[in-house]
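To keep things clear, I will list the structure first and then write my remarks on it.
All figures in this text were calculated on a predicted structure; none of them were measured in a lab.
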Amino acid sequence: MAKKKSSKSTTNTIALNKKARHEYFLHDKFEAGMELQGWEVKSIRAGKVNISDTYIHLKDGEAFLLSSQIQPLNSASTHVICDPMRYRKLLLNKREIDRLVGATERDGFSLIATAMYWKKCWVKLEFHLAKGKKMHDKRSDSKDKDWSREKERLMKHSAR
């Protein structure tokens with residue numbers, strides 16, 4: 001007997017920040033858990049998340065996710081006040097927070113969220129230490145990308 005295929009998708013990705021790679025030089029990658037309320041988890045399961053223009057703010061030895069939008073469902077409870085733009089605390093080790101504080105204050109890095117995904121039953125946030133790109137950096141990146149595409153085409157046609 002053949003196994004039944006599940007109707008659920010196999011991807012664990014909830015939301016991506018595709019603009020981050022274009023706007024920033026991404027250096028070190030970090031993963032953090034998030035402190036969420038019940039209505040937020042339900043909305044995340046429904047896919048009502050936007051993390052473009054999202055960044056992390058470090059304050060008093062804690063990390064917070066700012067400007068991420070989790071839209072509440074229409075069927076949310078009436079006694080819960082749903083704020084889609086609230087600060088969400090990130091769950092990190094003290095050592096990681098100290099390293100991030102040093103990088104942002106001394107070296108001038110920013111902390112940019114790049115992806116939100118499921119890991120088992122928990123919502124995780126992937127973020128990077130990042131430095132902003134100038135306009136000429138973006139142009140050189142697009143030229144390099146175009147050249148690599150052209151090289152692939154040339155190699156494909158020369159193999160025939």
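A salt bridge links Glu150 with Arg153; the closest basic N to acidic carboxylate O contact falls under 4.0 Å.
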**Request:** Take Leu125 and Arg88 through the side-chain contact (heavy atoms from CB on, under 4.5 Å) test and state the conclusion after the steps.
**Result:** CA-CA 11 Å; Leu125 182 79; Arg88 291 167 182 89; over 6 Å; no
**Derivation of the side-chain contact (heavy atoms from CB on, under 4.5 Å) call for Leu92 and Leu100** = CA-CA 10 Å; Leu92 292 165; Leu100 294 173; 3.9 Å; yes
**Asked** Do Glu40 and Val123 pass the side-chain contact (heavy atoms from CB on, under 4.5 Å) test, and can you show the C-alpha distance, the side-chain angles, and the key distance before you say yes or no?
**Response** CA-CA 11 Å; Glu40 291 173 324; Val123 176; over 6 Å; no
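To the nearest 0.5 Å, atom CG of residue Leu16 and atom CZ of residue Arg21 are 9.0 Å apart. To the nearest 0.5 angstrom, Ile70 atom CD1 is 5.0 Å from Met34 atom CE. The NZ atom of Lys48 lies 12.5 Å from the CG atom of Asn50; values are rounded to the nearest 0.5 Å. The OG1 atom of Thr13 sits 9.0 Å away from atom CD of Glu126, with the distance rounded to the nearest 0.5 Å. Between the CG atom of Leu129 and the NZ atom of Lys29 there is a distance of 13.0 Å, given to the nearest 0.5 Å. Taken to the nearest 0.5 Å, the NZ atom of Lys133 stands 3.5 Å off from the CG atom of Asp141.
Side chains of Trp118 and Ile14 form a contact here, defined as non-hydrogen atoms less than 4.5 Å apart. At least one side-chain heavy atom of Asp28 sits under 4.5 Å from a side-chain heavy atom of Arg99. The closest side-chain heavy-atom distance from Ser52 to Asn17 is below 4.5 Å.
The only member of Phe30, Phe64, Phe109 that meets ring-ring contact (aromatic ring centres under 6.0 Å, His included) when paired with Phe127 is Phe30.
Looking at residues two or more places apart in sequence or on another chain, you find no salt bridge (charged side-chain N to carboxylate O under 4.0 Å, His left out) involving Lys131. By the side chain to side chain donor-acceptor pair (under 3.5 Å) test, Lys151 pairs with no residue at all, sequence neighbours left out. Remark: Arg149 engages Asp146 in a salt bridge (charged side-chain N to carboxylate O under 4.0 Å, His left out) (not counting sequence neighbours). For Tyr24, the ring-ring contact (aromatic ring centres under 6.0 Å, His included) test picks out no residue, with sequence neighbours left out. Scanning for salt bridge (charged side-chain N to carboxylate O under 4.0 Å, His left out) contacts around Lys134 gives an empty result, with sequence neighbours left out.
Among residues at least two apart or in separate chains, salt bridge (charged side-chain N to carboxylate O under 4.0 Å, His left out) pairs with a member in residues 51-69 are Lys19-Asp53, Glu62-Lys89.
The 12-atom threshold is not exceeded at NZ of Lys42, counting heavy atoms of other residues, nucleotides or ligands nearer than 6.0 Å.
Looking at Ser68, its side chain never comes within 3.5 Å of a backbone N or O of Ile51 through a donor-acceptor pair.
One hydrophobic cluster, built from ILVMFWY side chains closer than 4.5 Å, cannot hold both Leu90 and Tyr87; they sit in different ones. There is a path of hydrophobic side-chain contacts, each under 4.5 Å, that joins Leu111 to Val101. Hydrophobic clustering of Ile, Leu, Val, Met, Phe, Trp and Tyr side chains at less than 4.5 Å, counting indirect connections, keeps Leu26 apart from Ile56.
Of all the heavy atoms in Ile97 and Gly61, the pair that sits closest is CD1-O, 3.4 Å. In terms of heavy atoms, Gln71 sits closest to Pro84 at NE2-CB, 4.0 Å.
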